[in-house]
Amino acid sequence: MALHKEHELHHRRRGRNVGLGLVLAGFVVLVLSLTMVKVTSNGFQFPSELSQGSAN
């Protein structure tokens, strides 16, 4: 048993933090999956400046 009870405000704040963490993790997964689809697609090509090397 805890020495002191947790205040209701902390309980609500923890719920919001967990929700925000899940939303941020979902956004990261979305960006990562879109990047992987873009890179692994057949039509992906590096920009011409990068594929030719340094032309300076």
Side-chain angles (χ1 to χ4, degrees):
M1 185 169 149
L3 295 176
H4 63 282
K5 283 191 167 184
E6 188 175 65
H7 195 270
E8 180 222 347
L9 179 66
H10 294 125
H11 183 69
R12 284 188 290 162
R13 193 175 290 163
R14 180 178 294 128
R16 285 189 205 139
N17 288 342
V18 169
L20 182 61
L22 291 174
V23 168
L24 289 175
F27 180 71
V28 168
V29 168
L30 176 67
V31 169
L32 181 64
S33 62
L34 289 174
T35 302
M36 291 302 296
V37 166
K38 174 77 174 173
V39 169
T40 58
S41 67
N42 291 334
F44 179 76
Q45 294 179 352
F46 285 105
S48 60
E49 304 93 38
L50 294 176
S51 63
Q52 294 174 357
S54 68
N56 292 337

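Taking Ile, Leu, Val, Met, Phe, Trp and Tyr as hydrophobic and joining them when side-chain heavy atoms fall under 4.5 Å apart, one finds Leu9 isolated, its cluster having no other members. Leu20 belongs to a hydrophobic cluster whose other members, connected by ILVMFWY side-chain contacts under 4.5 Å either directly or through intermediates, are Leu24.
By the side-chain contact (heavy atoms from CB on, under 4.5 Å) test, His11 pairs with Glu6, sequence neighbours left out. Arg13 pairs by the side chain to side chain donor-acceptor pair (under 3.5 Å) definition with nothing, not counting sequence neighbours. Residues that satisfy the side-chain contact (heavy atoms from CB on, under 4.5 Å) test with Val23, not counting sequence neighbours, are absent from this structure. For Arg12, the side chain to side chain donor-acceptor pair (under 3.5 Å) criterion is met by Glu8, not counting sequence neighbours. For Val37, there are no side-chain contact (heavy atoms from CB on, under 4.5 Å) partners at least two apart in sequence or on another chain.
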With a cut-off of 3.5 Å and sequence neighbours excluded, list every side-chain donor-acceptor pair involving residues 25-35.
unit_1	atom_1	unit_2	atom_2	d
Ser33	OG	Val29	O	3.0
Ser33	OG	Leu30	O	2.9
Thr35	OG1	Val31	O	2.8

